[in-house]
Amino acid sequence: MGDIAKDLTAGTVGGVAQLVVGHPFDTIKVKLQSQPTPLPGQLPRYSGAIDAVRQTLAAEGAGGLFKGMGAPLATVAAFNAVLFTVRGQTEAFLRSEPGVPLTVNQQIICGAVAGTAVSFLACPTELIKCRLQAQGALASIGSAAVAVKYAGPMDVARHVLRSEGGMRGLFKGLFPTMAREIPGNAAMFGMYEALKQYFAGGTDTSGLGRGSLIVAGGLAGGSFWISVYPTDVIKSVIQIDDYKNPKFSGFFDAFKKILASEGIKGLYKGFGPAMGRSVPANAACFLAYEMAKSSLG
């Protein structure tokens with residue numbers, strides 16, 4: 001099997017593992033990010049991650065934690081196939097000769113290039129996912145952002161295409177998506193390679209066991225969110241913003257308004273669930289990817 005086919009297949013396997021493990025954490029992250037700032041004297045909708053889990057289970061059952069998974073599940077094959085295949089082809093381009101290990105800096109470049117490519121798949125998928133995850137929290141306070149209740153991923157897509165500017169509407173938030181994916185994947189793949197080389201004691205990491213790959217993948221995933229988390233918060237609020245009566249005119253306007261109304265902590269809403277998701281989800285992703293690619297020969 002050729003290198004592209006291996007990366008396509010192994011990336012898909014890794015993406016499915018990542019999604020199944022991480023989606024409940026992601027749902028809680030988006031709920032915390034999307035809850036509006038309470039009025040003076042009022043309490044926030046959710047006091048924290050545990051409270052968001054409790055309320056979601058009480059109102060929607062366990063299925064509520066997996067709400068919105070249809071959109072990323074439908075595209076996880078394409079997303080991870082592109083991510084790992086573009087990374088693999090960039091690796092091949094940067095190698096001085098076949099089989100030579102890349103440096104950490106070269107892997108950072110590979111991650112950035114792959115992040116650029118996947119941004120165009122991530123943006124519409126994230127918009128659909130965020131609308132579905134956020135509508136429960138927003139509906140409870142009568143927000144205009146959920147004047148339309150969505151029945152599922154396809155319903156969100158149909159509504160956006162019909163009422164929010166067609167295809168352009170599905171790419172709302174593309175700039176913050178790229179501002180998340182490019183540096184985030186650069187950090188993640190750079191950290192993954194750095195940790196593998198550290199555990200291996202050199203550039204030959206082919207002999208690493210599953211435990212080392214799990215730790216390297218988990219910590220690499222954490223580095224993604226540490227490097228770009230405020231950008232993800234801005235992306236989420238822009239993508240769920242009301243089309244007819246928007247609160248934000250763009251990326252920098254959202255940044256200024258969040259900072260003014262909530263301070264720095266407003267840019268880190270949902271950070272705990274994001275990190276709680278990222279470590280096990282990316283550990284599963286990288287381990288599944290490495291095992292699948294190894295089994296393909």
Side-chain angles (χ1 to χ4, degrees), residues 14-15 17-35 46 48-50 52-53 65 68-69 72 76 79-80 83-84 87 104 107-108 110-112 114-116 118-119 121-123 125-127 129-130 133-134 173 175-195 213-240 251 254-255 258-259 262-287 289:
Q18 180 187 55
L19 184 66
V20 172
V21 172
H23 193 79
F25 294 94
D26 192 61
T27 296
I28 298 304
K29 171 180 75 74
V30 172
K31 282 179 179 285
L32 291 172
Q33 287 177 344
S34 61
Q35 62 176 339
Y46 305 112
I50 300 300
V53 172
L65 295 174
M69 196 170 79
V76 69
F79 182 92
N80 283 276
L83 181 69
F84 283 97
R87 176 210 178 202
V104 172
Q107 285 290 355
I108 290 173
C110 293
T116 303
V118 298
S119 295
L121 288 173
C123 185
T125 302
E126 289 273 315
L127 183 141
K129 175 180 68 67
C130 287
Q133 290 172 326
F175 177 76
T177 300
M178 296 184 77
R180 182 190 75 173
E181 292 295 327
I182 295 172
N185 279 293
M188 183 173 71
F189 284 112
M191 179 65 74
Y192 183 60
E193 186 63 26
L195 289 169
L213 295 174
I214 288 172
V215 173
L219 294 178
S223 73
F224 181 107
W225 289 112
I226 290 172
S227 63
V228 298
Y229 194 79
T231 304
D232 184 68
V233 173
I234 295 170
K235 178 200 69 65
S236 293
V237 299
I238 287 175
Q239 289 188 319
I240 66 168
F251 180 89
F255 173 78
I258 293 172
L259 207 58
E262 302 175 63
I264 291 292
K265 67 178 183 179
L267 294 170
Y268 285 89
K269 289 191 295 187
F271 182 70
M275 290 298 291
R277 165 196 176 274
S278 187
V279 173
N282 282 285
C285 177
F286 278 105
L287 177 63
Y289 169 80

Handout entry: Side chains of F189 and L83 in contact at under 4.5 Å (non-hydrogen atoms)
Key = yes
Handout entry: P273 versus A49, closest heavy-atom pair with distance
Key = CG-CB, 3.6 Å
Practice task
Check whether any side-chain heavy atom of L19 lies under 4.5 Å from a side-chain heavy atom of M69, and answer yes or no.
Solution key: yes
Practice task
For residues P280 and R277, report the shortest heavy-atom separation together with the two atoms involved.
Solution key: CD-O, 3.4 Å
Completion exercise
Sorted by chain and number, sequence neighbours left out, ring-ring contact (aromatic ring centres under 6.0 Å, His included) with Y289 holds for F84
Exercise for the section: Verify, without hydrogens or angle tests, whether Y268 (side chain) and Y229 (backbone) share a donor-acceptor contact under 3.5 angstrom. Expected result: no
Exercise for the section: Taking Q35 for its side chain and Y46 for its backbone only, find out whether a donor-acceptor pair lies under 3.5 Å. Expected result: yes
Handout entry: Atom pair CG (D232) and OG1 (T177), whose distance is rounded to the nearest 0.5 Å
Key = 8.5 Å
Problem - Test item: I226 and M275 side chains (from C-beta on) under 4.5 Å apart, heavy atoms - result: yes
Practice task
Enter the distance from L287:CG to I214:CD1 here, rounded to the nearest 0.5 Å.
Solution key: 5.0 Å
Handout entry: Nearest atoms (heavy-atom pairs only) where S227 meets A187
Key = OG-CB, 3.8 Å
Problem - Pairwise distance OG1(T27) to CG(L65) - rounded to 0.5 angstrom - result: 6.5 Å
Exercise for the section: Measure the spacing between CG of N80 and CG of L121 and express it to the nearest 0.5 Å. Expected result: 10.0 Å
Fill in the blank from the handout: Heavy-atom closest pair (A17 atom, A284 atom, distance to 0.1 Å) is CB-O, 3.9 Å
Exercise for the section: Search all heavy atoms of I238 against all heavy atoms of P176 and return the closest pair with its distance. Expected result: CD1-CG, 4.2 Å
Handout entry: More than 12 heavy atoms of other groups within 6.0 Å of I50 CD1
Key = no
Practice task
Would you mind reporting whether V104 and M191 have side-chain heavy atoms less than 4.5 Å apart?
Solution key: no
Practice task
Measure the spacing between NZ of K29 and OG of S278 and express it to the nearest 0.5 Å.
Solution key: 10.0 Å
Fill in the blank from the handout: Interatomic distance, OG@S223 vs CG@N185, rounded to 0.5 Å, equals 9.5 Å
Problem - R180 and F224, any side-chain heavy atoms less than 4.5 Å apart - result: yes
Problem - pair L259-I264: side-chain heavy atoms closer than 4.5 Å - result: yes
Handout entry: Geometric class of the F286/Y192 ring pair [parallel <30°, tilted 30-60°, perpendicular >60°]
Key = parallel
Problem - Minimum side-chain heavy-atom gap K129-D26 below 4.5 Å - result: yes
Completion exercise
Tightest non-hydrogen contact, residues V228 and G184, listed as CG1-N, 3.6 Å
Problem - Side chain to side chain, N282 and M188, heavy atoms closer than 4.5 Å - result: yes
Handout entry: K235 and Q239: side chain donor to acceptor below 3.5 Å
Key = yes
Exercise for the section: Carefully, step by step, assess L32 and F271 under the rule side-chain contact (heavy atoms from CB on, under 4.5 Å). Expected result: CA-CA 9 Å; L32 291 172; F271 182 70; over 6 Å; no
